[in-house]
Amino acid sequence: MKPVTVTTVREMKRAHDKIVCLTAYDYSFASLIDRAGVDMVIVGDSLGMVMQGHDSTLPVTMEHMVYHSACVARGISRALLVVDLPFGSYQASPAQALESAGRLMKEGGAHVVKLEGGAPMLDTVRFLVDRGIPVCGHIGLTPQSVHQFGGYRVQGRDDPTAHRIREDARLLEEAGACLLVLEAVPAALGEAVSAALEIPVIGIGAGIGCDGQVLVLQDMLGLYPRPSPKFSRNFMQEGGGIEAAIRAYADAVRSRTFPGPEHSFN
Ligand code: KIV
């Protein structure tokens with residue numbers, strides 16, 4: 001099986017093939033997800049919530065990310081592995097980001113590192129990319145800024161914020177990002193951002209028009225004991241086991257039946 005690379009996902013965008021992505025945090029689930037044909041796995045700092053039971057992603061450390069990333073990397077033979085830089089591990093300076101990203105790649109097996117933020121992160125993105133580190137941006141609802149947003153709120157609902165998100169996306173691509181995660185924005189904005197960029201845009205609560213979709217594994221399997229976001233869907237309710245649910249999710253993304261209007265924002 002040919003491994004998925006950043007070139008593969010770019011070609012998938014050009015061919016209008018939807019990119020299927022899920023989060024994972026351990027070896028067993030990563031193996032199952034990889035076997036089910038998911039194209040991209042994100043070791044998200046959402047592990048702070050779904051694995052550790054915190055209310056936010058803020059307490060997650062570099063040690064946690066390296067540990068979970070290494071576990072996931074051992075389970076993957078095909079999927080592209082994207083790993084989050086946790087809060088406080090990259091915002092201080094490009095040099096700090098380089099040190100953290102280097103650890104995620106050397107010790108955690110990451111293929112791509114993901115960081116949150118738009119314009120203020122451009123120097124850091126350029127610095128990492130110039131040094132051979134593939135970077136995935138993350139804009140829209142950026143969970144590490146939850147206290148700045150005053151909660152987990154849909155972003156880009158008014159013209160100035162929608163404009164800023166479109167501009168941040170363009171600037172991140174220009175700075176060298178090879179992927180972009182767009183979270184919790186109106187579907188029309190998700191479609192506009194995806195159409196404007198050459199790099200693949202992976203949506204989570206950003207509507208059907210994105211180049212790919214990602215969900216938090218625990219949400220799509222109905223394993224998280226707290227309420228899941230509106231944009232998620234429980235694929236376990238549809239019968240079959242865990243692998244069947246993951247395959248059903250992949251089919252739904254590829255056939256463009258997920259996300260439906262009920263999982264999207266206007
Ligand atoms: O932390 C995370 O799991 C993420 C994905 C949902 C994109 O950032």
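Remember, it's a predicted structure, so these values are computed and weren't measured experimentally. Counting starts at 1 for both ligands and their atoms, in listed order. Quick note: residue numbers are just sequence positions, from 1.
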Exercise. Determine yes or no for a side-chain-to-main-chain donor-acceptor pair under 3.5 angstrom, with Q155 supplying the side chain and R153 the backbone.
Key: yes
For residues 196-218, which side-chain donor-acceptor pairs fall under 3.5 Å, sequence neighbours excluded?
| unit_1 | atom_1 | unit_2 | atom_2 | d |
| --- | --- | --- | --- | --- |
| D211 | OD2 | K13 | NZ | 2.8 |
| D211 | OD2 | V201 | N | 2.8 |
| Q213 | NE2 | G207 | O | 3.0 |

Quiz item: At a non-hydrogen distance cut-off of under 4.0 Å, which region of I202 contacts ligand 1 (side chain, backbone, both, or neither)?
Solution: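 Neither part.
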Under 4.0 Å from any heavy atom of [X], which atoms of ligand 1 are there?
X	answer
G44	1 (O), 2 (C), 3 (O)
I204	6 (C)
H138	8 (O)
D84	1 (O), 2 (C), 8 (O)

Quiz item: With a 4.0 Å cut-off on heavy atoms, does K114 reach ligand 1?
Solution: yes
Quiz prompt | atom 2 (C) of ligand 1 - nearest protein heavy atom and its distance | solution = S46 OG, 3.2 Å
Quiz item: Which residue holds the protein heavy atom closest to atom 5 (C) of ligand 1, what is that atom called, and what is the gap in Å?
Solution: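 Atom 5 (C) of ligand 1 sits closest to the protein heavy atom T23 CG2, 4.1 Å.
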Quiz prompt | Interatomic spacing from CG in L180 to NE2 in H138 - rounded to 0.5 Å | solution = 8.5 Å
Quiz item: NE2/H111 to SG/C178 distance, rounded to the nearest 0.5 angstrom?
Solution: 12.0 Å
Quiz item: Given side chains that start at C-beta, do those of L141 and Y152 come closer than 4.5 Å, heavy atoms only?
Solution: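 Yes, at least one pair of side-chain atoms sits under 4.5 Å.
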Practice problem: For the pair F231 and F265, name the ring-plane relationship: parallel under 30°, tilted 30 to 60°, perpendicular over 60°. | Solution: perpendicular
Exercise. Output yes when the distance from some N or O of ligand 1 to some N or O of D45 is under 3.5 Å, and no in every other case.
Key: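 For ligand 1, there is an N or O atom that lies under 3.5 Å from one belonging to D45.
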Quiz item: Per the side-chain hydrogen bond (donor to acceptor under 3.5 Å, both in side chains) rule, which among T57, D45, D84 passes with Q144?
Solution: D45
